[in-house]
2 protein chains.
Amino acid sequence: MAETGTTTPRERYRTQVRTEIKERAWEQIATAGATALSLNAIAKQMGMSGPALYRYFAGRDELITELIRDAYGSLADTLRTAAESGADLTALAHALREWALADPHRYFLIYGTPVPGYQAPDDVTGIAQGIMATLLDACAALPSDGPATPFDTHLESHRQWAAGHPAPPAALHRGLALWTRLHGVLSLELAGHFNGMGFDPALLYAAELDDLLSR
Amino acid sequence: MAETGTTTPRERYRTQVRTEIKERAWEQIATAGATALSLNAIAKQMGMSGPALYRYFAGRDELITELIRDAYGSLADTLRTAAESGADLTALAHALREWALADPHRYFLIYGTPVPGYQAPDDVTGIAQGIMATLLDACAALPSDGPATPFDTHLESHRQWAAGHPAPPAALHRGLALWTRLHGVLSLELAGHFNGMGFDPALLYAAELDDLLSR
DNA sequence: GAGCTTCAGTGATAGCCTCTAACTAAATCT
DNA sequence: AGATTTAGTTAGAGGCTATCACTGAAGCTC
C-alpha cells in the first residue's frame with residue numbers, strides 16, 4: 001500500500017507535475033544543451049499553454065537551478081554509493097567518467113561555462129563539499145610517501161575548504177590534483193576537442209590517474 | 001602616407017564597420033558571456049537599427065564563429081611570440097594563464113561548453129593544431145628520461161593528431177598532459193569552482209606544471 | 001450538502017530576440 | 001549623366017520570458 005504519508009492530493013499532483021517538467025527539461029538538455037531549454041516548448045509538450053509553468057517554477061532560472069541541484073545530487077550519490085561498496089580511487093574515477101559520459105550536458109551543467117550572474121545556493125555548495133569529501137576519503141586511504149611539496153605546506157595553512165576533513169596535506173593535494181586532472185581530460189573529451197586526433201581518451205584518462213597514484 | 005593598398009573606399013568602410021561590430025561583441029561577451037550576445041543590442045549601440053548588421057554578418061552564428069576564430073588566433077599568437085622569444089614550458093604555461101585571466105569569457109568561448117550543432121571550420125582546427133605544435137616544440141626541447149608508459153606506445157601508433165610533428169612519444173604524452181592539466185585547473189578556477197576555498201589557484205597551477213616537468 | 005476559498009490553467013499582452021523581405025537613398029562605376 | 005551596386009531603413013513573422021486578469025474546478029468548512 002504505497003501510502004504517501006500525510007500529503008494532500010493537491011500536493012501530490014503538484015510534485016508530480018513538477019517532476020514531469022523536470023523530466024522534459026532533462027530531455028531537452030540532453031539533446032540540445034542547457035542554453036536551448038525553453039519553458040514554452042516544455043509546456044506545449046505537456047499539452048498546456050505557456051504561462052502555466054510559472055505555477056511550478058518562478059522562472060527559467062529557478063528551473064535550471066533545480067536541475068543543477070539534481071545533477072550535483074546525482075553525481076554525489078553515484079560517487080558515495082561507489083565508495084560505500086569499497087571503491088578505491090581508480091574505481092571512483094571510473095564512476096565519475098561513466099557518469100559524465102552518460103549525459104555530457106549534465107556534466108557541463110555543473111562544470112561547464114558559468115553563467116555570469118549566477119550564484120549557487122548554499123545547499124548546492126554543501127553537496128559539492130560532499131563530493132570533495134568522498135574523493136578526499138579515498139585519497140586519505142592511500143599511502144603518501146615522498147617529501148612535502150611547497151604547495152602541500154600552502155594547503156596546510158589554507159585548508160578551510162576541506163570543511164574539516166582530517167586528511168593530511170599530501171592527501172588534500174592529491175584530491176585537488178585528482179579533481180582538476182580528471183576534469184581536464186573529461187571536459188576536453190566531452191567538448192569534442194579530441195575529435196579526429198585518433199588516440200583513445202579513456203587511455204589518457206587512465207594514464208593521468210595512474211600518474212597521480214604513483215608518486 | 002598610410003596607403004591601404006588597392007582597397008576601395010567601400011571595402012575599407014566595410015571592414016571598419018565589421019571590426020567595430022566585433023569590438024562591441026567582445027565587450028558584451030566580456031561582461032555577460034557569449035550566450036548574452038545580442039545583434040540587436042550591438043546595432044543600437046552603433047546607432048543603427050537591427051537588421052543592418054545582416055549586411056556584415058550572415059547571422060548570430062557567423063559572428064560567433066568569427067569571434068571564436070579571433071580568439072584562437074589571439075591565443076596562438078600569444079603562445080607563438082612567447083616561444084619565439086625563447087620561452088620554455090613554464091613561461092608558456094604562464095603566458096596561457098595570463099591570456100585566460102585577461103578575458104575569461106574569451107577562454108570559455110574556445111574551451112567552454114560546446115554548442116550542440118556547432119562544427120568548427122577547417123581553418124580554426126588548423127590554428128588549434130598550431131597551438132598544439134607550439135606546446136609540442138617546447139616539450140620536445142625537454143629531456144625525457146624514464147621508461148615508456150603504455151600510453152606512450154599507444155600514442156606511438158596513433159599520432160596523426162600531431163600533424164607530423166617529430167616529437168618522440170614521451171613528448172607527445174607530456175604535451176597532451178600539459179594541455180589537459182592546465183586546462184583542468186584554469187577552467188575550474190575561471191568558472192569559480194575554487195571560490196571560498198582559500199588556497200591560491202596560481203600555486204596549484206604551478207604545482208601541476210612542476211609535477212609535469214619533473215618526471 | 002451549501003457556500004467559501006484556494007489554486008490550476010487560460011488568453012491577452014508587453015518586451016525582448018533572430019531573421020526575412022521590400023523599399024529608399026546614396027555612393028560608385030561606366 | 002545614367003545604370004548599378006549597396007548601406008540602411010521600416011514592417012513583419014515567429015520565437016522566447018514573463019506578467020496580469022480571469023475562469024472554472026477542486027478542496028475545505030460549517
Side-chain angles (χ1 to χ4, degrees), chain A residues 3-29 31-68 109 115-118, chain B residues 3-29 31-68 109 115-118:
Chain A
E3 270 295 331
T4 334
T6 68
T7 63
T8 70
R10 274 234 169 112
E11 282 176 34
R12 264 176 304 182
Y13 178 74
R14 203 178 158 72
T15 62
Q16 178 200 324
V17 174
R18 260 183 86 97
T19 59
E20 182 174 349
I21 292 173
K22 292 206 281 185
E23 281 168 17
R24 308 278 184 162
W26 277 120
E27 290 168 16
Q28 278 198 12
I29 285 182
T31 62
T35 64
L37 188 144
S38 155
L39 295 190
N40 239 326
I42 293 175
K44 273 176 194 162
Q45 262 188 331
M46 293 176 63
M48 53 193 189
S49 233
L53 288 205
Y54 288 81
R55 292 273 165 204
Y56 300 94
F57 293 94
R60 193 174 178 274
D61 281 7
E62 192 184 288
L63 174 57
I64 289 188
T65 296
E66 190 75 15
L67 296 176
I68 291 176
L109 201 57
V115 337
Y118 183 77
Chain B
E3 270 296 332
T4 333
T6 69
T7 62
T8 70
R10 273 234 166 112
E11 282 177 33
R12 265 177 302 182
Y13 179 75
R14 203 178 159 72
T15 62
Q16 177 199 324
V17 174
R18 260 181 87 98
T19 59
E20 182 174 349
I21 292 173
K22 293 206 280 186
E23 280 169 17
R24 309 280 184 160
W26 277 120
E27 289 168 15
Q28 276 197 15
I29 285 182
T31 62
T35 64
L37 188 144
S38 155
L39 296 191
N40 239 326
I42 293 175
K44 274 175 194 163
Q45 263 189 331
M46 292 177 63
M48 54 191 186
S49 235
L53 289 205
Y54 288 80
R55 292 272 166 204
Y56 301 94
F57 292 96
R60 193 175 177 276
D61 281 8
E62 192 185 290
L63 175 56
I64 289 187
T65 296
E66 189 74 15
L67 296 176
I68 291 176
L109 201 58
V115 338
Y118 183 78

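Since the structure is predicted, the reported quantities are computational estimates derived from the model, not experimental observations. In what follows, every heavy atom counts, from backbone to side chain, and hydrogens, waters and symmetry copies are set aside.
Distance CG/Leu53(A) to CZ/Arg60(A): 12.5 Å, rounded to 0.5 Å.
Considering only heavy atoms from C-beta on, Thr65(B) stays 4.5 Å or farther from Phe57(B) through its side chain. Annotation: side chain of Leu63(B) is not in contact with side chain of Tyr56(B) (no heavy-atom distance under 4.5 Å). When side chains are defined from C-beta on, Tyr118(B) counts as touching Ile68(B), because their heavy atoms get closer than 4.5 Å.
Taking 4.0 Å as the cutoff to heavy atoms of chain B, we find the contact window on DNA chain D bounded by dT5(D) to dA11(D). Taking the 5' to 3' direction, DNA chain C first and last meets chain A under 4.0 angstrom from a heavy atom at dT6(C) to dA12(C).
If Arg10(B) and Leu39(B) are placed on DNA chain C by their nearest nucleotide, the residue sitting closer to the 5' end is Leu39(B).
Of all heavy-atom pairs spanning Ala34(B) and Ile29(B), the tightest one is CA-CG1, 4.0 Å. Considering all non-hydrogen atoms of both residues, Pro116(A) and Gly33(B) come closest at CG-N, 3.9 Å.
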Which donor-acceptor pairs under 3.5 Å do the side chains of residues 36-45 of chain B make with protein atoms, sequence neighbours left out?
from     : atom 1 : to       : atom 2 : distance (Å)
Ser38(B) : OG     : Asn40(B) : N      : 3.4
Ser38(B) : OG     : Ala41(B) : N      : 3.0

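Side-chain atoms of Arg14(A) come within 3.5 Å of backbone N or O of Arg55(A) as a donor-acceptor pair.
Within residues 50-63 of chain A, the residues that have a heavy atom under 4.0 Å from DNA chain C are, in order of number, Pro51(A), Ala52(A), Arg55(A), Tyr56(A). Contacts between residues 41-48 of chain A and DNA chain C, counted as heavy-atom distances below 4.0 Å, involve Met48(A).
Arg24(A) pairs with exactly one of Glu20(A), Gln28(A), Glu27(A) by the side chain to side chain donor-acceptor pair (under 3.5 Å) rule, that one being Glu20(A).
Taking Arg18(A) as the reference, Glu66(A) meet the salt bridge (Lys or Arg N to Asp or Glu O under 4.0 Å) condition, with sequence neighbours excluded.
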